[in-house]
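Below: the structure, in structure tokens.
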Amino acid sequence: MVSAARLPRPLLPVIAVMSVALVACGTESAGSGAVHSGVNRSELEARARAAQVSIKNVYVTKVPGYEVAKQSVGVLGDDGFSATYVKQETGVQIRLAVDQGSMDAASCPKTPLRGGDGGMGGVVECVRDGKRWYRTSGKQHEYASEMDGHLVQVNADTGTVDRATLHKAAEAAHAASDAELDAVLPPKQSGGGPPVERGDLPPVGDGAPNNKVGATG
């Protein structure tokens, strides 16, 4: 029989390992508001509002060789989301558009594609591909997917992006995590203060600049 006084010794390393593991995963606990990027959820929501985008509409995708163009990120419609992924070597683009909605056999040919000229004026042809719609119009093609009440459209030019690559981009599309939100949302602007007073504007009249020497101080 093993003495009870000796039992705690082999348990100490196990307890230490468990403690380290609990500390390591603390940043992912539900409701904590903490993210790996160090930005809390409330700040992410504020950044989304500043971009006039609903944070629930922010989706991202991943295509080897493509990176999101930060200047392309913006609002779509009322509070939808859009972003363009660019292949650095060639400038080839894959466009991502997300808004609340759905698509069926009746609405598919009536809904314009989201890229380029939007497919306006062109005939939209639809083919069911698994759980998605593969759509073509003119020189563009697109995969449209329904995800949790959102219509996610991944679009590109047929001459630069093949269908297989477009399908991979559609498959990889998903609602952005907090870390991904931090990476893709425009940074919070520090402005908002009163305008800088100009010394060359007269206090009366129509506000035309006073160009006399010394007017600016």
Side-chain angles (χ1 to χ4, degrees), residues 44-45 47-48 51-186:
L44 294 172
E45 291 173 349
R47 286 166 58 183
Q52 302 179 44
V53 174
S54 169
I55 200 167
K56 295 180 180 179
N57 292 335
V58 182
Y59 276 58
V60 294
T61 188
K62 186 173 183 180
V63 187
Y66 289 77
E67 297 290 341
V68 66
K70 294 295 184 66
Q71 68 272 20
S72 72
V73 173
V75 64
L76 175 69
D78 292 332
D79 60 1
F81 176 79
S82 65
T84 300
Y85 289 76
V86 180
K87 194 170 188 177
Q88 300 301 314
E89 299 82 1
T90 60
V92 170
Q93 300 180 0
I94 293 178
R95 298 169 286 267
L96 172 70
V98 185
D99 209 345
Q100 295 183 11
S102 60
M103 183 174 288
D104 56 23
S107 62
C108 184
K110 299 177 182 178
T111 305
L113 276 66
R114 286 294 191 181
D117 60 4
M120 299 300 292
V123 176
V124 178
E125 296 184 358
C126 301
V127 177
R128 193 68 179 175
D129 187 346
K131 60 183 180 180
R132 301 178 177 85
W133 289 101
Y134 176 66
R135 295 155 26 89
T136 57
S137 179
K139 296 181 179 180
Q140 298 176 56
H141 60 162
E142 174 182 283
Y143 270 100
S145 313
E146 292 183 38
M147 299 182 185
D148 298 324
H150 296 86
L151 185 61
V152 181
Q153 295 169 263
V154 180
N155 175 285
D157 296 338
T158 55
T160 57
V161 178
D162 59 35
R163 181 172 173 176
T165 301
L166 196 65
H167 186 265
K168 289 179 181 178
E171 280 192 321
H174 60 277
S177 66
D178 283 357
E180 290 167 332
L181 286 167
D182 185 34
V184 75
L185 285 173

Side-chain donor/acceptor pairs under 3.5 Å, residues 63-70, sequence neighbours excluded:
residue : atom : partner : partner atom : Å
Lys70   : NZ   : Ala183  : O            : 3.3

Do the side chain of Asp157 and the main chain of Gly159 share a donor and acceptor less than 3.5 angstrom apart? no

Answer yes or no: is there a side-chain heavy-atom contact under 4.5 Å between [X] and [Y]?
{"X": "Val73", "Y": "Pro186", "answer": "yes"}
{"X": "Asp79", "Y": "Asp99", "answer": "yes"}
{"X": "Arg135", "Y": "Cys108", "answer": "yes"}
{"X": "Thr111", "Y": "Met103", "answer": "yes"}
{"X": "Glu142", "Y": "Trp133", "answer": "no"}
{"X": "Val124", "Y": "Thr136", "answer": "no"}
{"X": "Val98", "Y": "His150", "answer": "yes"}
{"X": "Gln93", "Y": "Val161", "answer": "no"}

Counting only pairs under 3.5 Å, give me each side-chain donor-acceptor contact of residues 80-91, with atom names and distances, residues two or more places apart or in other chains.
residue : atom : partner : partner atom : Å
Tyr85   : OH   : Thr61   : N            : 3.1
Gln88   : NE2  : Val86   : O            : 3.4
Thr90   : OG1  : Val92   : N            : 3.4

Please report, to 0.1 Å, the donor-acceptor pairs under 3.5 Å made by any side chain of residues 163-177, with sequence neighbours excluded.
residue : atom : partner : partner atom : Å
Arg163  : NE   : Tyr143  : OH           : 3.0
Arg163  : NH2  : Asp129  : OD2          : 3.2
Thr165  : OG1  : Asp162  : OD1          : 2.8
His174  : ND1  : Ala172  : O            : 2.8
His174  : NE2  : Glu180  : OE1          : 3.1
His174  : NE2  : Glu180  : OE2          : 3.1
Ser177  : OG   : Glu180  : N            : 3.2
Ser177  : OG   : Glu180  : OE1          : 3.3

